[in-house]
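By convention here, the first residue in the shown sequence is residue 1.
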Amino acid sequence: MRFSKNDILEALGIEERGLSSWFGPALIGFGVGALAGGLAALLFAPRTGSELRGDLLQRGRRIVQRGRETVEEAASNLERGTQPTNY
C-alpha cells in the first residue's frame, strides 16, 4: 500500500498550506522588524547624521590617500627594479 503526502497529512489532521498562507504574515513581520530596527538606530545613535557623514568622508579620504601612496611606491619600485617593502 502506498501513501501520498496528502494521505499522511490528512491522517495527522494537518492540512497543506500554500505560499499565500505564510507570505503575508512574514512580509508584515519583516516590515515591523525593519521599522523597529530603524527607530532603535535613530534613538541610540552616538552621533548626529552630519557628524557621522563627516567621519565617514574623512575615513574614505584617508583610505584613498593610502591607496595612492601604495600605488606610487609600487610604481617607483617597479621602475627601479626593487622588491616591494610591505604589501
**OP:** Could I get the full list of side-chain contact (heavy atoms from CB on, under 4.5 Å) partners for Phe44, not counting sequence neighbours?
**Re:**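 Applying side-chain contact (heavy atoms from CB on, under 4.5 Å) to Phe44 gives Ala40.
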Original post:
Sequence neighbours excluded, which residues qualify as side-chain contact (heavy atoms from CB on, under 4.5 Å) partners of Leu39?
Top reply: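 In terms of side-chain contact (heavy atoms from CB on, under 4.5 Å), with neighbours along the sequence ignored, Leu39 is linked to Leu43.
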Original post:
With side chains defined as the heavy atoms from C-beta onward, is the minimum distance between Asp7 and Ser4 less than 4.5 Å?
Top reply: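 A side-chain contact exists here, since the closest heavy-atom pair is under 4.5 Å.
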Original post:
Does Phe3 share a hydrophobic cluster with Leu9, counting links as ILVMFWY side-chain heavy atoms below 4.5 Å and allowing steps through other members?
Top reply: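 Yes, one cluster joins them.
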**OP:** Count the heavy atoms of every other residue, nucleotide or ligand shown that sit under 6.0 Å from CZ of Arg68, and state whether that count exceeds 12.
**Re:**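 Result for CZ/Arg68: open.
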Subject >> Arg59, CZ: over 12 other non-hydrogen atoms inside 6.0 angstrom >> reply: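 Counting other residues, nucleotides and ligands, CZ of Arg59 stays at 12 neighbours or fewer.
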All pairs passing salt bridge (charged side-chain N to carboxylate O under 4.0 Å, His left out) where [range] contributes a residue, at least two apart:
| range | value |
| --- | --- |
| residues 27-37 | none |
| residues 23-50 | Arg47-Asp55 |
| residues 21-31 | none |
| residues 25-43 | none |

Working to the nearest 0.5 Å, report the span between [atom1] of [X] and [atom2] of [Y].
| X | Y | atom1 | atom2 | result |
| --- | --- | --- | --- | --- |
| Phe23 | Ile28 | CZ | CD1 | 11.0 Å |
| Glu73 | Leu78 | CD | CG | 12.5 Å |
| Leu56 | Arg61 | CG | CZ | 12.0 Å |

